[in-house]
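In what follows, a single structure is set out as structure tokens and then discussed.
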Number of protein chains: 2
Amino acid sequence: MSIQHAPEDLALLDPTEAGACAQAALVSEPIDETAAAGLAQVFKALGDPVRLRLVSLIGARDGGEVCVCDLTSAFDLSQPTISHHLKVLREAGLIDSERRGTWVYYRLVPSALERMAGVLSVPVSSRPSGPG
Amino acid sequence: MSIQHAPEDLALLDPTEAGACAQAALVSEPIDETAAAGLAQVFKALGDPVRLRLVSLIGARDGGEVCVCDLTSAFDLSQPTISHHLKVLREAGLIDSERRGTWVYYRLVPSALERMAGVLSVPVSSRPSGPG
DNA sequence: GGCATTCATAGACGGCTGTCGATACAGAAC
DNA sequence: GTTCTGTATCGACAGCCGTCTATGAATGCC
């Protein structure tokens, strides 16, 4: 975030460049409460249809950046509501923003998404070999 | 689910064996409202620390199966609360259950986890090449 | 300066969610 | 059958969440 926002909390404190197929997975070993709380915040941010579409709209954009006005016009929701959802995504570390003149542009944080993808990946060793 | 539960809703209607690095990603193109609603249900299920730890406890188990009694004893929460969280995960298609005698065993649905991992994966073409 | 535009914040409100205790259901042991 | 254990469901309640309107803050233009 590069605007007037305070650092807030930021759920992803270790945005390493872990690939999408890394084995730092949820199912490798039981996670502790602290890790669960941090990951849950990000998943909760993704657990809303509007926010999911916002992430998709931003990520699918060619230049990687989308103006807030374009995002607001894509929904039948008020501008403050969209702003609220963007804040949730920003506090989860999933998106970043930059002000240029009057407009504010949002972009994805790919490492954050990939980290979550890595968390969900299931190592072959953890997959049940038979149907039962 | 193999017990007395009705089919419920089941958020993951296409549990194909998509790898964790598939490009059916959120950022490939904007998703529609229906897809967003379905994905959001699964992410919302993952958006709770207790449920995240439940998934981790189940997935990290050697045999791939965990008895409910073992899960309940791992938390400072009542048994109905754990049962409720397991139901949420089950309705999201993330876990499955089977009754054997008095006990009920829960196991992961790896294809569901991997599908969500694929949704979060970021193709190289979508990654911004430069910081500005 | 004054005004318009873009976006964020504040406060309010209804609905959803996580939790509990109480209870019902399923299976095993007697 | 009865009883005991393990699990799911029910009903209630506090707190959170998504949404709105109203307002404030930042920037640009006159």
Side-chain angles (χ1 to χ4, degrees), chain A residues 1-9 33 36-37 40-55 58 65-92 95-107, chain B residues 1-9 33 36-37 40-55 58 65-92 95-107:
Chain A
M1 51 209 71
S2 330
I3 327 290
Q4 69 275 22
H5 325 293
E8 319 268 1
D9 17 10
E33 298 183 35
Q41 186 197 344
V42 187
F43 280 127
K44 190 182 299 183
L46 292 169
D48 181 276
V50 174
R51 289 196 289 267
L52 224 37
R53 288 181 60 200
L54 283 170
V55 169
I58 297 171
E65 289 183 337
V66 184
C67 176
V68 175
C69 55
D70 290 339
L71 295 173
T72 301
S73 64
F75 295 86
D76 277 337
L77 292 171
S78 69
Q79 175 268 321
T81 296
I82 299 298
S83 187
H84 160 71
H85 284 305
L86 289 171
K87 181 179 182 180
V88 172
L89 291 170
R90 189 159 33 82
E91 289 180 0
I95 61 176
D96 197 357
S97 63
E98 180 185 354
R99 166 159 239 146
R100 282 204 294 275
T102 305
W103 293 271
V104 175
Y105 293 87
Y106 278 84
R107 78 178 74 86
Chain B
M1 49 209 75
S2 331
I3 327 290
Q4 69 275 23
H5 325 294
E8 319 268 0
D9 19 9
E33 299 183 35
Q41 184 197 346
V42 186
F43 280 128
K44 189 182 299 182
L46 292 169
D48 181 277
V50 173
R51 289 196 288 266
L52 225 38
R53 290 180 61 201
L54 283 171
V55 169
I58 297 173
E65 289 184 335
V66 184
C67 176
V68 174
C69 55
D70 290 340
L71 295 173
T72 302
S73 64
F75 296 85
D76 277 338
L77 293 171
S78 68
Q79 175 267 324
T81 296
I82 299 299
S83 188
H84 161 71
H85 284 304
L86 289 172
K87 182 180 182 179
V88 173
L89 291 170
R90 192 159 31 83
E91 288 180 359
I95 61 176
D96 196 356
S97 63
E98 180 185 354
R99 169 159 237 144
R100 282 204 293 274
T102 305
W103 294 271
V104 174
Y105 293 87
Y106 278 84
R107 80 179 72 89

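Letters A, B, ... are given to chains in the order of the sequence lines, protein chains preceding strands, and every chain is numbered from 1.
When every heavy atom of B/Trp103 is checked against every heavy atom of B/Cys69, the shortest pair comes out as CD1-SG, 4.0 Å. Contact between B/Val50 and B/Asp48 at its shortest, heavy atoms only, is N-OD1, 2.8 Å. Scanning both residues, A/Leu52 and B/Ala36, for their nearest heavy atoms gives CD2-O, 3.6 Å. Of all non-hydrogen atoms in B/Gln41 and B/Glu91, the two that sit nearest each other are NE2-O, 3.4 Å. Contact detail for A/Ala40 and B/Pro49: the closest heavy-atom pair is CB-N, 3.5 Å. Nearest heavy-atom pair, A/Tyr106 versus A/Ser97, reported as atom, atom and distance to 0.1 Å: CE2-CB, 3.5 Å.
As rounded to whole Å, 10 Å separates atom P of D/dC17 from atom CD of A/Gln41. Here the P atom of nucleotide D/dC17 and the NZ atom of A/Lys87 are 13 Å apart, to the nearest Å. Look at CD on B/Glu91: it is 11 Å from P on C/dT17, rounded to the nearest Å. As a whole-Å value, the separation of B/Arg99 CZ from D/dT5 C1' is 11 Å. Atoms CG (B/Asp70) and C1' (D/dT5) sit 15 Å apart, rounded to a whole Å. Atom CZ of B/Phe75 is separated from atom C1' of C/dT19 by 14 Å (rounded to the nearest Å). For B/Asp76 and C/dT19, the CG to P distance is 12 Å, given to the nearest whole Å. Distance A/Leu77 CG to D/dT21 C1': 14 Å, rounded to the nearest Å.
Counting only distance, with no hydrogens or angles, the side chain of B/Arg51 and the backbone of B/Lys44 share a donor-acceptor pair below 3.5 Å. At least one donor-acceptor pair under 3.5 Å links the side chain of A/Thr72 to the backbone N or O of A/Val68. With B/Arg90 contributing its side chain and B/Ala92 its backbone, the two residues share no donor-acceptor pair below 3.5 Å.
Side-chain contact between B/Leu71 and B/Ile58 is present, with at least one heavy-atom pair separated by less than 4.5 Å.
Contacts between residues 44-54 of chain A and DNA chain C, counted as heavy-atom distances below 4.0 Å, involve no residue at all. Shown for residues 78-85 of chain A: residues whose heavy atoms fall under 4.0 angstrom of DNA chain C, namely A/Gln79, A/Pro80, A/Ser83.
A/Ile95 contributes atom CD1, which lies 12.0 Å from atom CD of A/Glu65 (distance to the nearest 0.5 angstrom).
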Are there any protein N/O atoms within less than 3.5 Å of an N/O atom in nucleotides 28-30 of chain C, and if so, which ones and at what distance?
none

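For D/dA8, one of the phosphate oxygens OP1 or OP2 lies less than 4.0 angstrom from a side-chain nitrogen or oxygen of B/Tyr106.
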